[in-house]
Amino acid sequence: MASRVGARHGILATKTSLFHTLQRTLSPHIIGIQRSAEIQGLRSSSNSNADSQHNEKYCIDLVRKRDYDGFVCSLVFPEESRRSSLALRAFNVELAQVKDSVSQKTIGLMRMQFWKTAIEEIYRDDAPLQPVSTELWKAVRQHYLTKRWLLRIITEREKDMEDRAYRNLQELEAYSENTQSSLLYLLLECLGVKNVHADHAASHIGKAQGIVTCLRAVPYHSSRRKVYLPMDICMLHGASQEDFIRGSREQNVRDVIYDIASQAHVHLEHARSFSKNVPASAAPAFLQTVVLEDYLQKVRRADFNVFHPSLRNRNPLLAVQLYLRSWKKTY
């Protein structure tokens, strides 16, 4: 028994000795390979984390700079959907700024085609190496976002490259539905909300938001000798594009603003009618209604003078407070 134990230990000792001999001979090369692999692995992991942080920061900075209201709304999203909401808003900003950032329509159309291709690649798990598209790919994988809403936003923004005024209010509403409402549908998906009443509310809120955005932009566009307000309402009140370009405060110009602002108010009222049937979890997606209402109240106090200084001066801190106070309101 003792000899068998000794023999077994002897064999083990021999194998151990052989192992150490081989290790002494090969260790410089093997250890070099192992260390190289470990370093590459650490670098890859580090680079991956750094890239991820860079992409997230890019989206945060973009939204904070170009869509501050949306940025504040995203801050109150649940942690598990906040990053995705910022990715969606960054995507929306990227598309929205194409029209004003290119000198030729052809270049703008090329950018739109890039995003169409990017969406197709995102749903094939092959997103382009671009910060917003990478973050959007993560959002799509995490929340199973509906592809057609993303494509619909691109298609509508692409049509808007025509750079012309809306022919009528219905055309402005259709544009708002296809852009702002589509974004809200996606934000609801990030929140895990699947509710027909929430969708109806989102449709009306998106239309109201598109109309208010159009009104807010009047001073900016007028300074560039451009007017995008619905032509049918302008013609109804005898207001010319030149009236807006020179910043007229005449009654007919204010009547145009009144009619358009009233339609935005009607959409907010329709949205509010669904409030009892909309789940509380949808609240973060609809917080922007507070800002829309605030603007409409201000433009009414300014007697529908869209060029009034009170409409240009916006305090971000007051906006934050407004959101926080509104948290327990309708949505």
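With sequence neighbours left out, Arg246 forms a side chain to side chain donor-acceptor pair (under 3.5 Å) with Asp243. In this structure, the salt bridge (charged side-chain N to carboxylate O under 4.0 Å, His left out) partners of Glu269, at least two apart in sequence or on a different chain, are Arg272.
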_Trace of the side-chain contact (heavy atoms from CB on, under 4.5 Å) decision for Tyr185 with Arg152_ = CA-CA 12 Å; Tyr185 300 146; Arg152 194 162 85 163; 3.7 Å; yes
*For the pair Gln251 and Arg254, evaluate side-chain hydrogen bond (donor to acceptor under 3.5 Å, both in side chains) and give the outcome as yes or no after the intermediate values.*
CA-CA 5 Å; Gln251 186 62 48; Arg254 289 187 281 122; 3.0 Å; yes
*Verify salt bridge (charged side-chain N to carboxylate O under 4.0 Å, His left out) between Asp61 and Lys57, making sure each step is shown before the conclusion.*
CA-CA 6 Å; Asp61 291 344; Lys57 185 178 184 300; 2.7 Å; yes
*asked:* Between Lys138 and Ser52, does the side-chain hydrogen bond (donor to acceptor under 3.5 Å, both in side chains) criterion hold? Intermediate values first, please.
replied: CA-CA 10 Å; Lys138 292 179 180 178; Ser52 180; 2.9 Å; yes
_Please evaluate residues Ser176 and Gln209 with respect to the criterion side-chain hydrogen bond (donor to acceptor under 3.5 Å, both in side chains), reporting the C-alpha separation (whole Å), side-chain torsions for both, the decisive distance (0.1 Å), and the verdict._
CA-CA 7 Å; Ser176 304; Gln209 187 169 343; over 6 Å; no
*Show your working on salt bridge (charged side-chain N to carboxylate O under 4.0 Å, His left out) between Glu94 and Arg111 and close with a plain yes or no.*
CA-CA 10 Å; Glu94 285 275 5; Arg111 290 194 185 179; over 6 Å; no
_Does Lys99 form a salt bridge (charged side-chain N to carboxylate O under 4.0 Å, His left out) with Asp160? I'd like the steps, not just the answer._
CA-CA 8 Å; Lys99 185 176 179 178; Asp160 196 45; 3.3 Å; yes
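A donor-acceptor contact closer than 3.5 angstrom is absent between the side chains of Asn178 and Arg157. Residues His270 and His204 have side chains that never bring a donor and an acceptor to within less than 3.5 angstrom of each other. Using a 3.5 Å distance cut-off with no hydrogens or angles, the side chains of Arg82 and Ser74 do not pair a donor with an acceptor. For Asp303 and His308, the side-chain atoms include no donor-acceptor pair closer than 3.5 Å. Defined by atom type and a distance below 3.5 Å, a donor-acceptor pair is present between the side-chain atoms of Glu177 and Ser203. Side-chain contact, Trp137 with Asp126: no donor N or O sits under 3.5 Å from an acceptor N or O. Side-chain contact of Glu173 with Gln263: a donor-acceptor pair under 3.5 Å is present, judged by distance alone.
Within the 4.5 Å cutoff, the side chain of Trp115 has heavy atoms near those of the Ser133 side chain. Side-chain contact between Ile153 and Leu186: present, with at least one pair of heavy atoms (C-beta onward) separated by less than 4.5 Å. Using a 4.5 Å heavy-atom cutoff, the side chains of Ile257 and Phe244 are in contact. At a threshold of 4.5 Å between non-hydrogen side-chain atoms, the residues Glu158 and Leu95 do not count as touching. Looking at Leu229 and Tyr166, their side chains never come closer than 4.5 Å, going by heavy atoms from C-beta outward. At a threshold of 4.5 Å between non-hydrogen side-chain atoms, the residues Val253 and His237 do not count as touching. Leu88 is listed as a side-chain neighbour of Leu150, based on a closest heavy-atom distance under 4.5 Å. Residues Phe91 and Ile119 meet the side-chain proximity criterion, which asks for heavy atoms closer than 4.5 Å.
Here the CZ atom belonging to Arg216 is positioned 5.0 Å from the CG atom belonging to Asp69, to the nearest 0.5 angstrom. Here the NZ atom belonging to Lys207 is positioned 12.0 Å from the CD1 atom belonging to Ile205, to the nearest 0.5 angstrom. Separation of atoms CD1 (Ile60) and CD (Gln53) is listed at 10.5 Å; rounding is to 0.5 Å. One distance of note links CG of Leu236 with CG of Asn168; it measures 12.5 Å at 0.5 Å rounding. In this structure, Phe304 CZ and Ile260 CD1 are separated by 11.5 Å, a value rounded to the nearest 0.5 Å. Considering SG of Cys73 and CZ of Phe286, their distance stands at 11.5 Å, rounded to 0.5 Å.
A cation-pi arrangement, defined by a distance under 6.0 Å to the six-membered ring centre and an angle within 45 degrees of its axis, is present between Arg64 and Phe71.
Judged purely by atom type and a 3.5 angstrom limit, Thr146 has no side-chain atom pairing as donor or acceptor with the backbone of Arg148. Of the possible polar contacts, none joining the Gln180 side chain to the Tyr175 backbone as a donor-acceptor pair under 3.5 Å is found.
Dense packing is recorded around CD of Glu171, with more than 12 heavy atoms of other residues, nucleotides or ligands lying under 6.0 Å away. More than 12 non-hydrogen atoms from other residues, nucleotides or ligands lie less than 6.0 angstrom from NE2 of His221.
Cluster annotation: Met231 is not connected to Tyr258 through the hydrophobic network of ILVMFWY side chains, with a link wherever side-chain heavy atoms come within less than 4.5 Å.
Of the candidates His143, Glu135, Glu189, Ser84 forms a side-chain contact (heavy atoms from CB on, under 4.5 Å) with just one, namely His143.
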